[in-house]
Amino acid sequence: MKKFLLMGCSILIAASVGCTGNQASEEKAAMKTEAKKGVEKVAEKPKCTVEASHIVDADNARKRAASVGGEWRDTAKFIKQAHAAVKAGKCHKAEALAKKALMEGQLGYEQAMSQKELKMPGYFKF
Amino acid sequence: MINETKGKKMNHISTKTIAGLLLLGLSSLVSASPESDAKAFKKYFTDRFPDVPYNDYINGAYTIDKSGRENWEAIEEFPPYEPFIDEGRAMWEKPFKNGKTFKTACFPDGPAIKHKYPMWDKEKKMVMTLPLALNNCLKANGEKPMKYKKGPINNIMAYLAYEARGKKINVVIPKDEPGALAAYEEGKKFYFQRRGQLNFSCASCHMQNAGLKLRSEILSPALGHPSGFPVYRSKWGTVGTLHRRFTGCNKQVRAKAFKAHGPEYRNLEYFLTAMSNGLEWNGPSARK
């Protein structure tokens, strides 16, 4: 009799554990789908907005350098690449390129201004 | 008392020193005449390379690169630019749609006209280069102008350079034309201005470091630079113009290049060619 009682109890316990296990996996699956939905919601929002504004700043710096004949070779290329990175959703890459282009634009302008007046080098003697 | 005298002396010395330094500083800013510039330009190179005969500067880097010169002389035995000269001759003689040719329409003294350029155009108040004059002629006769760096321009330039070989470089900066001197000064400024990410000027390579190596290449001296253009460059695999080379140089120092035959490069050509006054025209030529 005791044996029967013990077996019955163990079956009940196993069944209840199994039920709770099923419930947990169902909950996990539900959470996963919700998380997926969340990601989709984020993706729907416009990406790299801050980076895009930095690209505009960089392009303005490039234009300023160009206005005094001081644009560097690769600045426009970096800006183009940054735009492409924004389109591809690669915000970090876009930011790095915009930063580089901005610095080149600023340095190009400063360089051109520093060379505005003709300074004959010391080795050129009259 | 002693301290006061010392102080006065010190003041006197420092005033003199400052005045001297100021004068030195100012002298480097004062613009010299084109003649004295050319004299100083010539002196710089003749002092730097005392063994090089002056007339040899028309040969670019091969003026000072002995082993390179041997190769170049071998190349010149069967010049790679010859087919371009032939094509150019055909272009020169081919009538436009209106029946006129370059000679009858625009250049009656041709085809040996290269030595007349760059020149100050009194009517247009700008430096006129030969490729620009050729394109103006084409446009005036209802023809399509040529591209300035690649293509047919190199054929006709090779032919015209060949016809002017041996003529003296003689760029005139008319004294009664203030615009001409201003253009010359702009060209001079461009030559000595540092630009690009590498912060180099034209003079950094072709004056200050002429004769030294940049990687495996010997930097050519600026004196006589325009003489051999257009040049067949092995790197290009074709003939190219002086302004194409300007573009390449600017890109190499990581600066954005200017428009070929735009005001910047035209003025630069005016200054650079004037510095070689007295040397011979020797184009077309072959280069690495």
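Each chain gets a letter, A, B and so on, in the order its sequence line appears, and its residues count up from 1.
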Nearest 0.5 Å, what's the NZ-OG1 distance between B:Lys256 and A:Thr75?
-> 9.5 Å
Under a 4.5 Å heavy-atom cutoff, which of A:Glu104, A:Lys125, A:Gln111 has the most pairs with chain B?
-> A:Gln111
Taking everything shown except A:Arg64 itself, do over 12 heavy atoms lie less than 6.0 Å from its CZ?
-> no
Of all the heavy-atom pairs spanning A:Tyr123 and B:Ser204, show the shortest one and how long it is.
-> OH-N, 4.2 Å
State, to 0.1 Å, how close B:Arg194 and A:Gln115 come at their nearest heavy-atom pair, and which atoms those are.
-> N-OE1, 2.9 Å
Identify which of B:Met207, B:Glu264, B:Arg48, B:Lys43 forms the greatest number of heavy-atom pairs closer than 4.5 Å to chain A.
-> B:Met207
Between A:Phe124 and B:Tyr44, does a ring-ring contact (aromatic ring centres under 6.0 Å, His included) hold up when you go through it step by step?
-> CA-CA 7 Å; A:Phe124 191 79; B:Tyr44 176 81; 7.2 Å; no
Can you check whether B:Lys251's main-chain N or O pairs, donor with acceptor, with A:Arg73's side chain at less than 3.5 Å?
-> yes
Side chain from CB out, backbone as N, CA, C, O: work out which of these in B:Asp47 comes under 4.5 Å of a heavy atom of chain A, or both, or neither.
-> neither
Between A:Trp72 and B:Gln197, does a side-chain contact (heavy atoms from CB on, under 4.5 Å) hold up when you go through it step by step?
-> CA-CA 6 Å; A:Trp72 289 3; B:Gln197 195 180 7; 3.5 Å; yes
How far apart are the closest heavy atoms of A:Gly69 and B:Phe258, and which atoms are they?
-> O-CZ, 3.7 Å
Step through the shown structure and confirm whether more than 12 heavy atoms of other residues, nucleotides or ligands are within 6.0 Å of NZ on B:Lys168.
-> yes
So, the part of B:Phe41 with a heavy atom under 4.5 Å from chain A: the answer is both
Calculate, to the nearest 0.5 Å, the distance between atoms CZ and CD belonging to B:Phe192 and A:Glu117 respectively.
-> 15.5 Å
Heavy-atom contact with chain A under 4.5 Å, split by part of B:Lys189 = both
